[in-house]
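Numbers for residues simply follow the sequence, beginning at 1. Predicted model only: the values in this text are computed from it and were never measured.
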Amino acid sequence: PIHSLENAVLLLGQNGLRMLIAKVAFRPIINLQNGRYTKRVAPQVWSQAELCADACNLLGNEYQADPFESFLAGLMQNVGMIVAFRIIDRGYEGQYLPDSDAYCVAFMQAVRLLSSRIAKAWDFPVNVVNVIEKLGQGDAPISQSALGQVLQVSDQVSKIRILVDHGQLEEDEYFARMGLSKNAIRCLGALRVRERHAA
């Protein structure tokens with residue numbers, strides 16, 4: 001049991017404590033689920049963001065990226081999606097959202113740009129703001145930076161973890177691991193263990 005801040009720092013380490021505080025600080029955004037789309041989307045977006053952030057932290061050293069900046073980028077990259085769905089809930093009268101490929105691509109680019117602007121407004125590290133902004137620019141060479149590489153791989157690993165956990169994909173299927181490094185595959189297993197402990 002942790003009874004003081006000193007105990008927490010000793011047990012979690014400084015970065016672990018910073019990551020825990022970041023997760024807790026984001027919760028109010030996720031809990032404001034008053035619209036029909038936001039209510040359905042926000043918990044799933046947050047679940048993937050937490051997994052992505054954990055994967056970023058686990059894989060940061062492999063790419064020589066700062067583990068805490070990596071964690072923040074994973075947690076922050078889709079915050080704009082929750083904000084976007086809250087805006088849709090306030091003004092969209094249609095029964096269904098468009099689902100064309102062009103709309104989905106444009107929506108995700110807008111989400112990432114919104115996420116980067118929120119990160120900038122909240123004074124996140126410049127590297128985090130820039131990598132999320134590059135995600136929103138579509139073909140921008142995000143993989144040229146260490147932080148961009150770890151974010152891309154972690155995003156993929158976290159999505160595979162969710163598909164496996166929901167029975168949509170077998171963990172040992174070849175295409176799920178195609179192109180993943182040994183560390184990324186180990187990270188996939190570590191995320192499963194973390195989810196089990198969290199439950």
Side-chain angles (χ1 to χ4, degrees), residues 5 8 12-60 63-92 97-98 103-159:
L5 185 58
L12 299 172
Q14 187 175 1
N15 264 357
L17 190 58
R18 290 165 71 193
M19 287 181 247
L20 181 63
I21 290 169
K23 280 186 182 182
V24 171
F26 274 71
R27 286 237 180 248
I29 297 168
I30 309 310
N31 290 333
L32 297 171
Q33 306 167 16
N34 51 1
R36 82 175 155 147
Y37 289 112
T38 310
K39 186 182 285 187
R40 289 170 47 197
V41 171
Q44 295 172 22
V45 170
W46 182 245
S47 177
Q48 191 266 332
E50 286 186 313
L51 283 172
C52 183
D54 287 341
C56 282
N57 177 51
L58 290 169
L59 294 172
Y63 294 91
Q64 285 80 47
D66 179 88
F68 186 62
E69 285 189 358
S70 301
F71 178 86
L72 288 177
L75 202 60
M76 189 70 196
Q77 69 169 333
N78 286 328
V79 164
M81 184 179 298
I82 295 167
V83 174
F85 276 107
R86 289 179 68 194
I87 292 167
I88 290 168
D89 279 330
R90 288 184 189 157
Y92 183 68
L97 292 174
Y103 176 82
C104 291
V105 168
F107 181 77
M108 285 308 298
Q109 288 177 349
V111 160
R112 298 285 168 60
L113 290 174
L114 183 55
S115 295
S116 71
R117 289 180 182 156
I118 293 168
K120 186 175 185 177
W122 289 350
D123 291 325
F124 273 55
V126 173
N127 289 342
V128 173
V129 174
N130 289 342
V131 79
I132 295 170
E133 185 176 6
K134 285 182 181 175
L135 277 174
Q137 295 171 351
D139 296 331
I142 183 179
S143 60
Q144 289 182 357
S145 74
L147 186 55
Q149 290 174 2
V150 74
L151 184 57
Q152 280 183 323
V153 171
S154 297
D155 189 53
Q156 182 182 10
V157 166
S158 64
K159 288 174 180 172

**Message:** Any heavy-atom pair between the side chains of Ser70 and Leu147 that's under 4.5 Å?
**Reply:** yes
**Asked** If every non-hydrogen atom of Asn78 is compared with every non-hydrogen atom of Met108, which pair is closest and at what distance?
**Response** OD1-CE, 3.8 Å
**Fill in**
For Cys52 and Gly74 the tightest heavy-atom approach is SG-CA, 3.8 Å
**Message:** side chain to side chain contact (heavy atoms under 4.5 Å, CB included) for Ile118 and Leu114? Distances and angles first, verdict last.
**Reply:** CA-CA 6 Å; Ile118 293 168; Leu114 183 55; 4.1 Å; yes
**Prompt:** Between atom CG of Asn57 and atom CG of Asp66, what is the distance when rounded to the nearest 0.5 Å?
**Reply:** 9.5 Å
**Prompt:** At their closest point, which heavy atom of Leu72 faces which heavy atom of Pro125, and how far apart are they?
**Reply:** CD1-CD, 4.0 Å
**Fill in**
Between the CG atom in Leu151 and the CE atom in Met76, the distance rounded to the nearest 0.5 Å is 12.5 Å
**Prompt:** Residues in side-chain contact (heavy atoms from CB on, under 4.5 Å) with Ile88, at least two apart?
**Reply:** Tyr37, Phe85, Tyr92, Leu97, Tyr103, Phe107
**Prompt:** Could you walk me through whether Val111 and Gln77 pass the side chain to side chain contact (heavy atoms under 4.5 Å, CB included) check?
**Reply:** CA-CA 8 Å; Val111 160; Gln77 69 169 333; over 6 Å; no
**Asked** Below 4.5 Å, heavy atoms only, C-beta onward: do Ser158 and Ser154 meet side chain to side chain?
**Response** no
**Item:** Intermediate values then yes/no, side chain to side chain contact (heavy atoms under 4.5 Å, CB included), Ile132 and Val128
**Value:** CA-CA 6 Å; Ile132 295 170; Val128 173; 3.9 Å; yes
**Minimum heavy-atom distance between Leu75 and Ala49, given as atom pair plus value** = O-CB, 3.8 Å
**Prompt:** Which distance, rounded to the nearest 0.5 Å, do you find between the SG of Cys56 and the CD of Gln152?
**Reply:** 11.0 Å
**Minimum heavy-atom distance Ser145-Val131, with the two atoms named** = OG-CG2, 4.3 Å
**Prompt:** Between Arg86 and Arg90, is any pair of side-chain heavy atoms under 4.5 Å apart?
**Reply:** yes
**Message:** Can you tell me how the ring of Phe71 sits relative to the ring of Phe68, calling it parallel under 30°, perpendicular over 60° and tilted otherwise?
**Reply:** parallel
**Complete:** By side-chain contact (heavy atoms from CB on, under 4.5 Å), Lys159 pairs with (sequence neighbours left out) Gln48, Asp155
**Request:** Report yes if some heavy atom in the side chain of Arg112 is under 4.5 Å from a heavy atom in the side chain of Lys134; otherwise report no.
**Result:** no
**Message:** Quick check for you: to the nearest 0.5 Å, what is the distance between Ser115 atom OG and Met81 atom CE?
**Reply:** 8.0 Å
